[in-house]
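What follows is a single structure, written as structure tokens, with notes after it.
Source: prediction; values computed, not measured.
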Amino acid sequence: MTYQDDAVVIDNDVFEIIKETFECECATDDSKYRDNLFLKTKDYFVKTDDGSYSIKSRLINNKIETLHTKSGAISESFKKFIDPLKLDYNEDIAILDICAGLGYNSSAAIFDFLKHTDNATNLKIDMVEISPETLAAGMIVPSPIAEHDIVKRAIESQLISSGFASLELEKTIIPENIDINVFIEDARLTVQNLAHNTYDAIFLDPFSQTMAPELFSCELFSQFQRLIKDDGIVTTYTSSAPVRGAFLEAGFHVGEGPVFGRFQGGTIASLNPEVLSKSLNINDERRIGLSDVGIPFRDNNLNSSSDDIVNRRNEERAIKRHHSLISSAVKTPIFLGEDMDDEPLKRRVERNLAKVNISGVKSEEAYYIIDAQKDYSEKSTYEHNSRDRILDMNKRLNDVIEGNF
């Protein structure tokens with residue numbers, strides 16, 4: 001199985017139906033194969049609460065999920081990928097859409113652009129999706145907003161250019177001030193060939209870090225750091241500690257993203273802390289800066305397999321746990337400086353702390369480490385931000401471990 005095959009997340013049956021349909025189209029140049037394709041495959045799509053459709057995943061970890069939250073597929077695009085942006089529509093805008101999927105995030109971006117511009121500026125969107133079948137699914141699904149038809153036209157053009165499709169059936173005209181490029185390949189390859197300091201926003205929307213850790217690695221985020229403008233924003237749905245840790249290691253500031261359809265907000269990253277909506281919460285800062293849960297995924301040459309990346313992180317966690325970082329078990333770092341009434345839990349926490357020279361949850365060492373958060377503010381500024389506090393706490397932990405406290 002190739003990496004491209006392994007990376008496909010949509011249901012295997014609908015994948016094969018779409019693939020066979022377009023093979024027949026290419027062989028005959030007959031439009032009948034695409035006619036009513038959505039109705040033929042409707043059982044593989046799920047209508048979400050806002051009326052837009054998501055698509056079912058293949059069986060992953062013994063579960064079948066959808067590619068979007070059931071609270072609303074297109075609403076999720078607006079809430080998590082558009083609302084955090086602070087774009088100046090008086091200037092030309094460039095957006096990189098990683099794991100473009102059905103095309104909803106780019107459609108929402110076009111909607112917002114057209115809403116705020118008088119055609120005096122231009123919008124460029126570079127969409128990246130490894131699976132032509134997933135892009136084709138985006139062509140056949142009913143459009144949740146009119147702007148999705150613009151994206152469908154761009155997808156169709158690229159599918160024809162790549163030999164996946166043969167007929168121009170999409171009739172919507174792409175506005176002259178909107179330029180959409182579609183890359184059907186591994187995003188790790190794409191980013192290495194894009195110009196630096198280009199993008200105002202990067203959308204990062206893989207299915208999950210479990211499925212695709214290679215799309216959440218330090219090395220990929222270092223490419224983002226090269227591509228993003230100084231005030232640009234990277235936005236993703238996940239609040240995962242290793243993802244946030246990877247952004248920090250790649251030189252980004254990180255903040256909390258909007259909450260929609262999940263218990264916790266996603267992640268916003270930028271080189272400028274003042275464009276972030278708000279800081280991470282105190283406990284998240286501690287877990288990332290002080291425990292092994294914040295160790296990121298690594299993909300040194302941007303070509304490792306998912307399994308290799310996960311195994312490499314697990315090995316690094318085992319090496320650093322109890323040595324240079326506090327164990328993440330029972331979320332130990334969040335209890336520093338706190339009163340604990342649960343005695344069995346307190347004993348577990350303090351055993352973990354003792355292994356890194358911290359004598360107790362209310363010890364001098366504990367207060368020394370969390371003193372980095374004394375000026376905590378939810379507002380993210382150059383003077384007070386999650387990145388600086390996390391790095392400072394990590395340095396203080398090393399002081400304690402090395403006996404320099």
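- Taking a cutoff of 4.0 Å between a charged side-chain nitrogen and a carboxylate oxygen, Arg396 and Asp392 qualify as a salt bridge.
- Contact record, Pro242 with Gln209: CG-OE1, 3.8 Å, taken as the closest heavy-atom pair.
- Here Lys229 does not pair with Asp231 in a salt bridge; the nearest charged N to carboxylate O distance is not below 4.0 Å.
- Although no hydrogens or angles enter the test, the distance criterion places no donor-acceptor pair under 3.5 Å between the side chain of Thr117 and the main chain of Leu114.
- Among Ile309, Asp299, Asn303, the single residue meeting the side chain to side chain contact (heavy atoms under 4.5 Å, CB included) criterion with Glu219 is Asp299.
- Distance alone, capped at 3.5 Å, places no donor-acceptor pair between the Asn404 side chain and the Val400 backbone.
- With hydrogens and angles disregarded, no donor-acceptor distance shorter than 3.5 Å links the side chain of Asp49 to the backbone of Gly72.
- Note on Glu285 versus Arg389: salt bridge recorded, some NZ/NE/NH1/NH2 to OD/OE distance being below 4.0 Å.
- Side-chain contact between Asn283 and Lys331 is absent, with no heavy atoms from C-beta onward closer than 4.5 Å.
- Asp112 places no side-chain N or O within 3.5 Å of a backbone atom of Ala108 that could act as its donor or acceptor partner.
- Ser291 approaches Ser328 most closely through the heavy-atom pair OG-CB, 3.7 Å.
- The aromatic ring centres of Tyr104 and His148 sit less than 6.0 Å apart.
- Rounding to the nearest 0.5 Å places NE2 of His196 at 12.5 Å from CD of Gln223.
- Residues Pro273 and Asn385 approach most closely at CB-CB, 4.1 Å, considering heavy atoms.
- No donor-acceptor pair under 3.5 Å is formed between the side chain of Arg351 and the backbone N or O of Lys346.
- Using a cutoff of 4.0 Å between basic side-chain nitrogens and carboxylate oxygens, Lys124 and Asp92 are not scored as salt-bridged.
- Side-chain atoms of Glu168 and Ile160, non-hydrogen and from C-beta on, do get closer than 4.5 Å to each other.
- Put simply, the side chain of Ser57 gets close to the backbone of Glu65: a donor and an acceptor are under 3.5 Å apart.
- A salt bridge links Glu156 and Arg34; the closest N-O separation between the charged side-chain nitrogens and carboxylate oxygens is under 4.0 Å.
- Taking the six-membered ring wherever Trp is involved, the centroid distance between the rings of Phe216 and Phe297 does not fall below 6.0 Å.
- Using cut-offs of 30° and 60° on the angle between ring planes, the pair Phe221 and Phe247 is parallel.
- Closest heavy-atom contact between Gly163 and Cys26: O-SG, 3.5 Å.
- Residue Arg286 comes nearest to Leu336 through the heavy atom pair NH1-O, 2.9 Å, listed as atom of the first residue, atom of the second, then distance.
- Side-chain N or O atoms of His323 include one that pairs as donor or acceptor with a backbone N or O of Ile319 at under 3.5 Å.
- Under the 4.0 Å criterion applied to side-chain N and carboxylate O atoms, Lys152 and Glu147 are not assigned as salt-bridge partners.
- At a cut-off of 3.5 Å, with distance as the only test, no side-chain donor of Tyr382 or Asp388 sits close to an acceptor on the other residue.
- A salt bridge links Lys320 with Glu316; the closest basic N to acidic carboxylate O contact falls under 4.0 Å.
- At least one donor-acceptor pair closer than 3.5 Å links the side chain of Ser270 to the backbone N or O of Gly232.
- Residues Asp339 and Lys362 are paired through a salt bridge, judged by an N-O separation under 4.0 Å between the basic side chain and the carboxylate.
- Contact annotation: the side chain of Phe335 approaches that of Leu345 to within less than 4.5 Å [non-hydrogen atoms, C-beta and beyond].
- Closest approach of Ile150 and Pro175 over heavy atoms only: CD1-CD, 3.8 Å.
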TODO: Check the pair Ser131, Glu129 against side chain to side chain donor-acceptor pair (under 3.5 Å), reporting the backbone distance first and the verdict last.
DONE: CA-CA 6 Å; Ser131 165; Glu129 171 59 52; 4.6 Å; no

Task: Derivation of the side chain to side chain contact (heavy atoms under 4.5 Å, CB included) call for Asn357 and Glu402 - done: CA-CA 9 Å; Asn357 290 347; Glu402 293 172 4; over 6 Å; no

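- Between the side chain of Ser54 and the main chain of Leu67, a donor-acceptor pair closer than 3.5 Å is present.
- Judged purely by atom type and a 3.5 angstrom limit, Arg153 uses its side chain to pair as donor or acceptor with the backbone of Thr172.
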